[in-house]
Q: 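Take this structure, written in structure tokens, and hold onto it; I'll ask about it next.
Note that ligands are numbered from 1 as they come in the structure, with each ligand's atoms numbered from 1 the same way. Bear in mind the structure is a predicted one, so any value in this text is a computation, not a measurement.
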Amino acid sequence: MQKNAHPHRDCNGKIAVVHNGIIENYQELKKELEKDDCGFKSQTDSEVIPNLISKFYKGDLKKALIKAMKRLKGSYALGVISSDEPERLLVARSDSPLIIGLGKGENFIASDVPAILKHTKKVIYLENKQLAVIKKDRVNVFDLKGKEVSPKIDTISYDVEAAKKFGFKDFMLKEIYEQPRVVSKILSQWMSLEGNIRVRDLDLNKDFLKEIEQIVIVACGTAFHAGLVGKYIFESLVRLPVWVDFASEFRYRKPIIKKNTLLIAISQSGETADTLAAVQEAKKSKIKVISVCNVLGSSLIRESDINLNTYAGPEISVASTKAYTAQLMTLYLLALYLARLKQNLNEDKLKKAISSLEKVARGQKKILARSRDIKRIARRHLHFGAFLYLGRGINFPNALEGALKLKELSYIPAEGYAAGEMKHGPIALIDEYRAVVCIANDSPVYDKMLSNIQEGLARKGKIIAIASEGNEEIKNYVKEAIFIPKIEPLFSPLFAIIPLQLLAYYIACLKGYDVDKPRNLAKSVTVE
Ligand code: F6R
């Protein structure tokens, strides 16, 4: 509805505000402002903000904004202008992210770096409860007392070129194809010339890391699925108990966190409101936080004790692809580091694991080279009204991720399940109208997956199998098989995810949807 669209103005039409966030006490403020004869036009919480500023306005917008900030509860990033002071733009933040891009004779505001990257690489990350007065040739930052503070100016190291499509039809396809380069980059950042894992921030915290007894992982969406894979990785390599939570659940559940717990927060953007709130909740128990994050300077990095950069470069497409594999790669390396530190892994096993990781980029390239076959399978299945994704063990989270990619891009109902759960309900869904994607790579649970495939076939489900190269047997069962290179099963999620991303991508493209900007979704979810 147009009247709910930003900017919102005060009832005199003089002060205009754009707002990202949620004002929790807006009902109370609205009642109070209505008593002063202030009429509201929209159904938004945001409209109280220009009216509150207007109430305090006595010829100085900055003073009025500070007074309003002291009354607002909740999260906000604000852009404020007044027709009385047209040469100044004021901004303020509390919990929601806000960055100021510094140009020549021009300045910019945004929630996230990629939005301003084509204009400038110099940015100020406004701190919580700070405000700034922006003119075309000047930026002054203040605290809530109105005292000027000198902000840190960061230079973004992303290459602006990295945010271009480079001949790909869209960003998503470009980002899918970037994955081999991203995993190689991560490996090169983590490994010393002598072949040892070396990360300065981890080395500096060795004493504490040696003592950890439990790992808790919090994240949302795709990053949550990476966290679920992380559980299998850490349990297998580090032999520590791991619990993974949706950040949105963790933050409200009053979780019981023992001392010597390590919290790992995973986020591409580093600005997801629920993940940030979960970290703040965990920090009340005085535990240390490692962030696995793709955006330097983001709020999450500033909240964390140790930051592990995922080196994926800017991810522009709303659906996360390269950030996911970068998160997985980082979790493998972190697990190997901790396993070594806790003496759970001898040199031989460590070397074998590193050599498997070194094979990933080449293997991913091989899968990408078969994208035409995956496109053909997509064409044959795009009319299916529903999909089921099944996986077991470390590829169960990939089943969830494959289903998420399909539903967010193609709007086709898709569910991911642990294949062993089929008999407990979901098998009732299978008939000739359901496509069933089964991750059946070589692994200790391959035979079990094969039984699941047979159960699906018996109910006339249309099975698409993801199997390991050299598996001739699978062709006796299914018409559609996508082959991935052989690798130690622990590392197979780094291969199995690629066909799942491509399948979702091609189905959405063939249906004519905008894959980079699926409906109803935002790249950074900076509000609850
Ligand atoms: C799905 C997707 C989302 C994000 C989620 C968390 O393709 O991109 O599910 O993974 O919103 O975002 P970050 O990782 O920025 O915290």
Q: Note the single closest protein heavy atom to atom 11 (O) of ligand 1, along with its residue, its atom name and the distance in Å.
A: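 Among all protein heavy atoms, the one nearest atom 11 (O) of ligand 1 is Val525 CG2, 3.9 Å.
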Q: Check whether the ring centres of Tyr389 and Tyr417 lie less than 6.0 Å apart, and answer yes or no.
A: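 No, too far apart.
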Q: Can you check whether Ser267 has an N/O within less than 3.5 Å of an N/O in ligand 1?
A: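 The answer is yes, given that Ser267 and ligand 1 share an N or O pair closer than 3.5 Å.
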Q: Among side-chain atoms of Ser410 and Lys511, is any donor-acceptor pair under 3.5 angstrom?
A: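 No pair is found: no donor N or O on one side chain lies under 3.5 Å from an acceptor on the other.
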Q: Which residue and non-hydrogen atom of the protein lie closest to atom 2 (C) of ligand 1, and at what distance in Å?
A: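 Scanning the protein heavy atoms, the shortest distance from atom 2 (C) of ligand 1 goes to Thr222 OG1, 3.7 Å.
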Q: Are any of the side-chain heavy atoms of Pro518 and Lys407 separated by less than 4.5 Å?
A: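 Pro518 vs Lys407: side chains apart.
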Q: Could you find the nearest protein heavy atom to atom 15 (O) of ligand 1 and give me its residue, atom name and distance?
A: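 Nearest protein contact, heavy atoms only, for atom 15 (O) of ligand 1 is Ser269 OG, 2.6 Å.
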Q: In the structure I gave you, are the side-chain heavy atoms of Tyr311 and Asn294 within less than 4.5 Å of one another anywhere?
A: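 Counting from C-beta outward, Tyr311 and Asn294 never come under 4.5 Å.
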Q: Say whether Val318, considering both its backbone and side-chain N or O atoms, lies within less than 3.5 Å of an N or O atom on ligand 1.
A: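 Looking only at distances, the answer is yes, because the N/O contact criterion of under 3.5 Å is met.
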Q: What atoms in ligand 1 come closer than 4.0 Å to a heavy atom of Lys405?
A: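 Within the 4.0 Å cut-off of Lys405, ligand 1 contributes 1 (C), 7 (O).
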Q: Tell me which protein heavy atom sits closest to atom 14 (O) of ligand 1, plus the residue, atom name and distance to 0.1 Å.
A: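 Going by distance alone, atom 14 (O) of ligand 1 is nearest to Gln268 N, 2.7 Å.
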Q: How far is atom 5 (C) of ligand 1 from its nearest protein heavy atom, and which residue and atom name does that atom have?
A: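 Residue, atom and distance for the closest contact: Cys220 O, 3.7 Å.
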Q: Any atoms of ligand 1 less than 4.0 Å from a non-hydrogen atom of Ala223? List them with their elements.
A: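 Those of ligand 1 that fall under 4.0 Å from Ala223 are 10 (O), 14 (O).
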Q: Where is the nearest protein heavy atom to atom 16 (O) of ligand 1: which residue, which atom, and how far?
A: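 Result: Thr272 OG1, 2.4 Å.
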Q: In sequence, state the C-alpha distance, the side-chain angles, and the governing distance for Arg302 and Glu127, and then conclude on salt bridge (charged side-chain N to carboxylate O under 4.0 Å, His left out).
A: CA-CA 10 Å; Arg302 283 176 284 139; Glu127 296 287 339; 3.8 Å; yes
Q: For atom 7 (O) of ligand 1, grab the closest protein heavy atom and report residue, atom and distance to one decimal in Å.
A: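 Looking at atom 7 (O) of ligand 1, the protein heavy atom closest to it is Glu408 OE2, 2.6 Å.
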Q: Would Gln327 count as being in polar contact with ligand 1, using the rule that some N or O on each side must be under 3.5 angstrom apart?
A: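 Gln327 vs ligand 1: no N/O contact under 3.5 Å.
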Q: Test your reading of the model: is there a side-chain donor-acceptor pair from Asn398 to the backbone of Pro493, 3.5 Å cut-off?
A: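 Yes, because the side chain of Asn398 sits within donor-acceptor range (under 3.5 Å) of the backbone of Pro493.
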Q: Is Leu300 close to Glu271 at the side-chain level, that is, under 4.5 Å between some pair of heavy atoms?
A: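 Contact flag for Glu271/Leu300 side chains = no.
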Q: Just to verify, which of Gln268, Gln327, Glu408, Glu401 counts as forming a side-chain hydrogen bond (donor to acceptor under 3.5 Å, both in side chains) with Thr222?
A: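 The option that passes is Glu401.
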